[in-house]
Amino acid sequence: FSVDYMEAGDGKLYLEMFGPAPDKLSPVEGEEVEDVTTFCLIPSSAGKYELHVTFGGEEVTNNPFIVPVRDITKVFVSGSGVTGNGTCVMKPADVKVDISEAGMAPIIAQVTNPSGQAEILTLDNKQELVFEGLYLPEEPGYYGVEVKFDDE
């Protein structure tokens with residue numbers, strides 16, 4: 001992200017980041033151009049970070065800025081409906097999506113039956129950032145379950 005303080009007058013820009021990990025916020029080398037500085041943050045964990053910005057000792061408008069960080073590699077999907085061991089016809093199959101370590105983001109799940117028909121799987125929030133849903137296999141064959149986290 002970049003901070004443009006060209007019209008702010010005289011003063012010093014100061015940024016401080018608070019979040020779930022003690023990450024460092026540093027200017028991108030060679031990116032300062034006439035009162036515009038570009039910063040880079042590579043967080044080590046998902047969560048909600050707060051960016052506090054002051055200029056000339058005064059807080060800037062809309063301070064602090066909330067920066068949600070998500071980690072798709074921390075999304076865990078489990079349950080009888082996704083194990084690969086198969087499900088039984090007319091026996092509910094469960095799907096559990098745990099995003100407790102990934103950060104909050106929209107989740108969409110879809111089940112495709114052996115005939116190729118897809119339908120959205122309703123996921124209920126059973127505990128904090130752990131969602132569960134059921135589908136009913138009505139015909140024998142392979143059922144595909146696709147889970148999207150933050151549209152990925």
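By convention here, the first residue in the shown sequence is residue 1. In this text, all values refer to a predicted model and were calculated from it rather than measured experimentally.
The environment of CZ in F76 is crowded: more than 12 heavy-atom neighbours from other residues, nucleotides or ligands sit within 6.0 Å. Few gaps surround CG on N125; more than 12 heavy atoms of other groups in view lie less than 6.0 Å from it. Within a 6.0 Å sphere centred on CD of E50, heavy atoms belonging to other residues, nucleotides or ligands number more than 12.
Nearest heavy atom pair, residue S80 against residue P92, reads OG-O, 4.4 Å. Here the closest non-hydrogen pair linking P137 and Y135 is CD-O, 3.5 Å. Counting all heavy atoms, side chain and backbone alike, R70 lies closest to D150 at CD-OD2, 3.4 Å. A pairwise comparison of heavy atoms in N113 and Y143 identifies CB-CE2, 3.5 Å as the closest pair. For T87 against A93, the heavy-atom pair with the smallest separation is CG2-CB, 3.7 Å.
Put simply, the side chain of I99 reaches to within 4.5 Å of the side chain of I107, judged on heavy atoms. Side chains of V97 and V75 form a contact here, defined as non-hydrogen atoms less than 4.5 Å apart. In this structure the side chain of D124 never reaches within 4.5 angstrom of the side chain of E132, judged on heavy atoms. Side-chain contact between M90 and E138: present, with at least one pair of heavy atoms (C-beta onward) separated by less than 4.5 Å. Two residues are said to be in side-chain contact when any heavy atoms from C-beta on lie closer than 4.5 Å; L129 and D98 fail this criterion. Using a 4.5 Å heavy-atom cutoff, the side chains of Y49 and P20 are in contact. Residues Y142 and T112 are not in side-chain contact: their nearest non-hydrogen atoms beyond the backbone lie 4.5 Å or more apart. At a threshold of 4.5 Å between non-hydrogen side-chain atoms, the residues L15 and L13 count as touching.
No chain of hydrophobic side-chain contacts below 4.5 Å, direct or via other Ile, Leu, Val, Met, Phe, Trp or Tyr residues, connects V67 to I72. In the hydrophobic cluster analysis, where Ile, Leu, Val, Met, Phe, Trp and Tyr join through side-chain heavy atoms closer than 4.5 angstrom, F149 is grouped apart from V69. Cluster annotation: V130 is not connected to L134 through the hydrophobic network of ILVMFWY side chains, with a link wherever side-chain heavy atoms come within less than 4.5 Å.
Once rounded to the nearest 0.5 Å, the distance linking NZ of K91 with CG of L136 reads 11.5 Å. Atom CD of E128 and atom CE of M104 lie 9.0 Å apart (nearest 0.5 Å). The NZ atom of K96 sits 12.5 Å away from the CG atom of L123 when rounded to the nearest 0.5 Å. The line from OG of S45 to CG of D71 is 8.5 Å long, rounded to the nearest 0.5 Å. Between Y14 atom OH and H52 atom NE2 the span is 10.5 Å, to the nearest 0.5 Å. In this structure, CD in E58 is found 11.5 Å from CG in N63, a value given to the nearest 0.5 Å.
Between E139 and S115, the side chains place a donor N or O and an acceptor N or O closer than 3.5 Å (distance only, hydrogens not considered).
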